[in-house]
4 protein chains.
Amino acid sequence: MLKKLVSEGIITDPSSAKGRLIQAAARLFRDKGYERTTVRDLAAEVGILSGSLFHHFKNKERILRAVMEEAILLNTETMRAALAQALTPEDKVLALIKCELASILGDTGAAMTVLVFEWRSLNEDSQQHILGLRDIYETLWMDALKEAKEANLVVIDPFILRRLLTGALSWTVNWYEQDGKMDLDELARNALSLAVKSS
Amino acid sequence: MLKKLVSEGIITDPSSAKGRLIQAAARLFRDKGYERTTVRDLAAEVGILSGSLFHHFKNKERILRAVMEEAILLNTETMRAALAQALTPEDKVLALIKCELASILGDTGAAMTVLVFEWRSLNEDSQQHILGLRDIYETLWMDALKEAKEANLVVIDPFILRRLLTGALSWTVNWYEQDGKMDLDELARNALSLAVKSS
Amino acid sequence: MLKKLVSEGIITDPSSAKGRLIQAAARLFRDKGYERTTVRDLAAEVGILSGSLFHHFKNKERILRAVMEEAILLNTETMRAALAQALTPEDKVLALIKCELASILGDTGAAMTVLVFEWRSLNEDSQQHILGLRDIYETLWMDALKEAKEANLVVIDPFILRRLLTGALSWTVNWYEQDGKMDLDELARNALSLAVKSS
Amino acid sequence: MLKKLVSEGIITDPSSAKGRLIQAAARLFRDKGYERTTVRDLAAEVGILSGSLFHHFKNKERILRAVMEEAILLNTETMRAALAQALTPEDKVLALIKCELASILGDTGAAMTVLVFEWRSLNEDSQQHILGLRDIYETLWMDALKEAKEANLVVIDPFILRRLLTGALSWTVNWYEQDGKMDLDELARNALSLAVKSS
DNA sequence: GATGAATGAGCGTTCATTCAT
DNA sequence: AATGAATGAACGCTCATTCAT
């Protein structure tokens, strides 16, 4: 998936200087916050000097934007692929929950956390840009939840449900321990049990 | 409730200079972020000069800590009072949900958002201090959820449920519109429907 | 001596608030430096608040000036009294050396150190004022040294000698240990051996 | 000598930005004191902006340390070279006196004054560092004075003598006028006459 | 593409001093 | 005399960004 998106030029090759920078930025922005992360920190992490950053990005904010953008693009494609495998409405919702949890708790976790916590540090333009990408992603969710509602698996308004779920799932970053006694699948089923009256 | 806590010296009088500063800080920290809010912004908001801030707080971080501390203290007491009125386990959970939503979406909303988003900007000492207060608050929640579990209203582990709920409820700050078509009570009932198998 | 000067209104009573302030200031200015000593430090040392300092002195610099002024006045009188007891030229020089060492290493040591190290922090007016007091003090020295020169006890120009001696004696504050193996009298005799060809 | 030390990387090239900064700092610290000299003063003196200082030194205190360090290193080497030319014990003491006077009253005079007057403004680490360099310098003095003592040129304990001399020589900065009627050599001979019973 | 010295605005904080009480 | 909140200028320092090399 990643390889395909890289070859299509949608996502930066993570082994390139720019790609490593984006990944390092995601980690640093999550760990220290965007404001507290200096361009020198960023540059040091990939072994260049701060002035050289500006050959790759026109300013610091564009690095933040790239972190967010690439995370959404990758996760949107990952979700699309997972949905293609799911048959029933319940399966689809479970697939989405698993994908979202994987994105939050797995490789793109740093970037997803940044997406939630550093939103205010984007400028107006970038917020609109990311919002556009987010819409595509959210449409996949809404389609699945509406289908579940029609199948009477969901009792409340799908819009409200999605929003409550968004919060519940994002928050896992603050407490879920990857190597604890509960694996990701079980966590997903727990979350599913809130959302749908299982058959 | 607030009046009582003020008279007991637990919470700063919101009409005093210090109290107005704490409230202005909550708003500014939420809107611009802690790092992006300057002490001059803070001072201007309450009509003093920047140097005068440091008569009330020894540094900027202590203002952040005060914002968080007073919000937790007030909401803990509010929750305790609400629980005293609730009779059944389901009533108790609903009361807690209503209280938490009110704290997030009402007068202390700015402070609660700051509590979630600016945690990293506290120093180690302050984090421990706030964590201590948070424990008291969370114990009220856990007691109610465990009771609901024993009454078979809850199917999953109460710890997991609390954490999923924490996320779902905090996130409302990002989408719920106070004057929209859904009032706070209805939102609370929607959230309750995720948590418990209503009788 | 001190009692007499206090009763004549020349020196502030060291048991009064103002007097204790001057003594505390001497100590703090020596230990931390004038610039690094805050008026709050000063006030705390005598148990008042910083604003109250300004009832005793119109500003911080006047405290420094008072420290220096009172030290010189006291030591000038002490020297005059000691000279009255000395008979020979050599005795007089030794008496002056002992007095100066006592002033530097004894009770007024802090103030004397401040006099040397914080001179630059006085304003122009105060420098002139202290210089005037210093002249009286220095005249006592020059008279004695000239007498010694005439008695062939001294080989070099008395002006030069006084200046070299001033440095040698002030510097003792940086190395002489009151409770070490050499007492003040022996130190004085060592210093005298530099200055005069003893009979 | 200076050229050699520069080429060995022991002393900063005085024509470089950093080197000019160190020299300007020595002058300003002597004239206004370390505390009263602002980083903006320092920067203005070498024609850069205040922020640029911190490319050369990590903080203001490191500038003070560099001023002191380079002065000691240069003067230690100068003294070593002068000692190599001196034959008799008396010659050696005279050579040291001349060197020390030259260092105090000549090009490194500002730095030497700073070394005496701003010692307290160094942090603990820097004090230890400079103390180490000072020890090397003082060993040259002590060796020469002990030799003079063995040759019966000196009557008092060499340690005491060195300390009295240190004070006498440092103090010259406060009164000696370069272009007055007494040249440096004569001043040195006057000082020598205090220290040794000339043959 | 990379360097690193320089920029310059802006930051949190300090502190002598004032003044109404 | 003493208080203590408030002042406001000044401080040391940071840091995203630029640009000649």
Side-chain angles (χ1 to χ4, degrees), chain A residues 16-18 21 34-44 46-64 121, chain B residues 16-18 21 34-44 46-64 121, chain C residues 16-18 21 34-44 46-64 121, chain D residues 16-18 21 34-44 46-64 121:
Chain A
S16 70
K18 188 167 178 172
L21 185 50
Y34 173 77
E35 295 288 348
R36 286 169 124 87
T37 304
T38 70
V39 294
R40 278 174 177 77
D41 291 337
L42 252 16
V46 294
I48 58 174
L49 287 175
S50 70
S52 309
L53 273 189
F54 296 87
H55 289 285
H56 299 294
F57 293 95
K58 81 178 228 257
N59 57 38
K60 187 184 172 190
E61 190 259 358
R62 278 299 173 118
I63 303 176
L64 177 60
S121 295
Chain B
S16 70
K18 188 167 179 172
L21 185 50
Y34 173 78
E35 296 287 349
R36 286 169 122 86
T37 303
T38 71
V39 294
R40 283 167 183 82
D41 291 337
L42 252 15
V46 292
I48 57 175
L49 288 176
S50 70
S52 308
L53 277 188
F54 297 90
H55 280 281
H56 300 295
F57 295 96
K58 81 176 224 264
N59 57 38
K60 186 185 172 191
E61 191 259 357
R62 277 299 173 117
I63 303 176
L64 178 60
S121 294
Chain C
S16 70
K18 188 166 178 172
L21 185 50
Y34 172 77
E35 294 288 347
R36 287 169 124 88
T37 303
T38 70
V39 293
R40 277 174 179 78
D41 291 337
L42 253 16
V46 293
I48 57 175
L49 287 175
S50 69
S52 310
L53 274 190
F54 296 88
H55 289 284
H56 300 293
F57 293 95
K58 81 177 228 257
N59 57 38
K60 186 184 171 190
E61 191 259 357
R62 278 300 173 119
I63 303 175
L64 177 60
S121 294
Chain D
S16 71
K18 189 169 178 171
L21 185 50
Y34 173 77
E35 296 287 348
R36 285 170 124 86
T37 303
T38 72
V39 294
R40 284 167 182 83
D41 291 337
L42 252 14
V46 293
I48 58 175
L49 287 174
S50 71
S52 308
L53 278 188
F54 297 90
H55 280 280
H56 300 295
F57 295 95
K58 81 178 227 266
N59 56 39
K60 187 186 172 189
E61 190 261 355
R62 278 298 174 120
I63 302 176
L64 178 60
S121 295

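As a basis for the values below, the full set of heavy atoms in this structure was taken, side chains included, without hydrogen atoms, waters or symmetry mates. Proteins come first, then strands; the chains are lettered A, B, ... in the order of their sequence lines, and each starts at number 1.
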Inset, instruction - Could you list the residues that satisfy side chain to side chain donor-acceptor pair (under 3.5 Å) with A/Thr38, not counting sequence neighbours? - result: A/Asp41

Legend entry - A/Thr37: side chain to side chain donor-acceptor pair (under 3.5 Å) partners, not counting sequence neighbours: none

Take the protein atom [atom1] of [X] and the nucleotide atom [atom2] of [N], then report the distance between them rounded to whole Å.
| X | N | atom1 | atom2 | answer |
| --- | --- | --- | --- | --- |
| B/Lys18 | F/dG4 | NZ | P | 15 Å |
| D/Phe57 | F/dG12 | CZ | P | 15 Å |
| B/Leu64 | E/dG12 | CG | C1' | 14 Å |
| B/Arg62 | E/dT14 | CZ | P | 13 Å |

Legend entry - Contact nearer the 5' end of DNA chain F, comparing B/Leu49 with C/Ile48: C/Ile48

Legend entry - Nearest-nucleotide 5' precedence on DNA chain F, D/Asp41 against C/Leu53: C/Leu53

Legend entry - Value rounded to 0.5 Å, distance of CG in D/Leu42 from CD1 in D/Ile63: 4.5 Å

Legend entry - Distance, nearest 0.5 Å, that separates CZ of C/Phe57 from CG of C/Leu64: 10.5 Å

Legend entry - Inter- and intrachain pairs under side chain to side chain donor-acceptor pair (under 3.5 Å), touching residues 46-60 of chain C, at least two apart: none

Legend entry - Secondary-structure stems, DNA chain E, at least 3 Watson-Crick or G-U base pairs under 3.5 Å: E:2-21 with F:2-21

Legend entry - Nearest heavy atoms of D/Leu53 and D/Ala43, plus distance in Å: CG-CB, 4.2 Å

Legend entry - Nucleotide-resolved protein contact map, nucleotides 16-21 of chain E, B/S/- at heavy-atom distance under 4.0 Å: BBB---

